[in-house]
Amino acid sequence: MQADIFLAKNEIRAQFSQAMSTMYKEEVPAYGELMDLVADVNAAVLEQDKGLHEQLTHTDGLDRITEERHGAIRVGTEKELFTLRRLFAVMGMEPVSYYDLSVAGIPVHSTAFRPVDEADLNRNPFRIFTSLLRLELIEDEALRAAAQEVLDNREIFTTAALNLIDRAETQGGLDAEDATQFVTEALETFRWHSKANIDKEFYNKLHDEHRLIADIVSFHGPHINHLTPRTLDIDAVQVGMPERGIDPKAVIEGPPQRNCPILLRQTSFKALEEKVFFKQVGGKGTEVKWEEGSHTARFGEIEQRGTALTPKGRALYDELLDKTRAGVRAGEGTYQDLLVKNFSAFPDSYEELRAEGLAFFRYSLTDKGATIAKSVGVSGTVDGLLEAGILRMDPIVYEDFLPVSAAGIFQSNLGDGGAEVVYSNPSQEAFEKALGARVLDELALYAELEQASLNRCLEKLSEKSLKSGTPVAA
Ligand code: OOG
Ligand code: NI
């Protein structure tokens, strides 16, 4: 089969994120309500800020502003994670970064499957935050074994999905017809099942150990537990939720509001209590009887992204966040007040962020720079070229997640009374073994992006200069 008849992975991912969105809105009506709110807020922001409107028209595709940017799932076994990696690869999504949530008392570790190249992110940035249960962190041996058995006996992928993954791997892609079927079949893995795999007593035991364990083990598959559109004003959405009868989590995760947004700000509405059915004890025969109960897992989230930070910037972010959390514990003030106060130490202009090596930037030639490059060429340092108006810099958007924020999102959706136990430590090696691949290093990806943009500029500028013997210094 010829590569040119394959549908682009970006297109398959775009179809998939659209299908997930439609399914989730049907499954969780409150999520549709959140989407409406986000669309209204975004429209109001664009109405007021013509400059932003103009900028987004050029860079982000205005019609796609409110589209979902990520979703999240939780799987139970190494094998499930392994196959998911293969499934996401069909759509051009690769595992980036390792997140250890065990430090926050959540018995999972995670990665985010996402497109990596700039052009692919621009076409459709949809990511899936994917967590793997760490059953080894359950102390009760009998419970652990029973949970393992349930997990080992389920198949979360349809046969057709598995066949299409195989086909995509052997052929190197899928044609349009196969791609459409692939999306339909892949969707089945993430669908909600109101009928549990187990009985109520077992569910309660798992739930008492940790709510998340019950969520992962009890059902037929890793139902999508939230989707997350992008908002242009997260503070307005946070305020607007209660007005529409939506119950938001207490605080927005991430940095406070700033002139130059950094990293990622997120908030969510609290997970809904939903009616589910448990297998009746002894109901294993031909006719299974069902017992009504409830389960809390699914919610809606919103995000607003800012500049990616360098290791130095990230260390400062972590330090200020830690200080804030410690301050709250010591009763020094409210979370919000302390956050704003502490983050005043984080420079808030792009010039300072760059000068202090705190954030990553994409460099390009200005019109003036392009003209000079064509005619005479030029030499100088990056600082000098920026100052001379030959280079321009734009922030590189952060495409990943934040472990402390993720823990906050998890926790607010596990409800009160979730176990406070702090489990063990990171185990990236075990995660990658299960995944069957190494996760990509997010910081290296941003650094490469920055360097590549600079190299492109310097090459253009130095073509003439080199000929005339005046090299460009980086
Ligand atoms: C994932 C929570 C993390 C985020 O946006 O940080 C997450 C989960 O609840 O499964 O999605
Ligand atoms: Ni999320």
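Each ligand, and each atom within it, is numbered from 1 in the order the structure gives. All residue numbers in this chain count up from 1 along the given sequence.
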Which of the numbered atoms in ligand 1 are under 4.0 angstrom from any heavy atom belonging to Glu301?
4 (C), 5 (O)

closest protein heavy atom to atom 5 (O) of ligand 1 is Gln266 NE2, 2.5 Å

Taking only non-hydrogen atoms of Asn225 and a 4.0 Å limit, the atoms of ligand 1 in range are 8 (C), 9 (O), 10 (O)

Quick one: does any side-chain atom of Arg13 pair with a main-chain N or O of Met91 as donor and acceptor, under 3.5 Å?
yes

Using a 4.0 Å heavy-atom cut-off, which part of Leu402 comes near ligand 1: side chain, backbone, both, or neither?
neither

Check for a donor-acceptor pair, side chain of Ser102 on one end and backbone N or O of Pro107 on the other, with a separation under 3.5 Å.
no

Does this structure show an ion pair linking Asp40 with Arg244, if we count only N-O contacts that are shorter than 4.0 Å?
yes

Just how far is it from atom CG of Asp318 to atom NZ of Lys323, taken to the nearest 0.5 Å?
14.0 Å

Taking Tyr350 for its side chain and Phe361 for its backbone only, find out whether a donor-acceptor pair lies under 3.5 Å.
no

Could you tell me whether Arg123 and Glu11 have a side-chain N and a carboxylate O separated by less than 4.0 Å?
yes

Ligand 1 contact on Ala406 by region, counting heavy-atom pairs under 4.0 Å
both

For ligand 1, which is the ligand I care about here, please tell me if Ser131 has any N or O atom under 3.5 Å from one of the ligand's N or O atoms.
no

Under a 4.0 Å heavy-atom limit, does Glu253 contact ligand 1 with its side chain, its backbone, both, or neither?
neither

Under the salt bridge (Lys or Arg N to Asp or Glu O under 4.0 Å) rule, what do Glu27 and Arg298 come out as? Steps first, then yes or no, please.
CA-CA 10 Å; Glu27 288 182 351; Arg298 302 192 300 164; 2.7 Å; yes

Around the Ni ion (ligand 2), list the protein N/O/S atoms within a radius below 2.8 Å, excluding water molecules.
His70 NE2, His226 NE2, Glu301 OE1

Interfacing atoms of ligand 1 (cut-off 4.0 Å, heavy-atom, Phe401):
4 (C), 5 (O), 6 (O)

What atoms of ligand 1 come closer than 4.0 angstrom to any heavy atom of His226?
1 (C), 7 (C), 11 (O)

When you measure from atom 9 (O) of ligand 1 to every protein heavy atom, which one gives the shortest distance, and what is it?
Arg74 NH2, 2.7 Å

Whether the side chain of Glu432 engages the backbone of Val439 through a donor-acceptor N/O pair (distance < 3.5 Å, no angle test) should be reported.
yes

Test: Glu450 and Arg362 ion pair at under 4.0 Å:
no

Checking contacts here: is it the side chain or the backbone of His70 that comes within 4.0 Å of ligand 1, counting heavy atoms only? Could be both or neither.
side chain

Mark yes or no for whether Asp233, through its side chain, and Asp235, through its backbone, hold a donor-acceptor pair below 3.5 Å.
yes

His210 side-chain N/O to Leu212 backbone N/O, donor-acceptor pair under 3.5 Å
yes

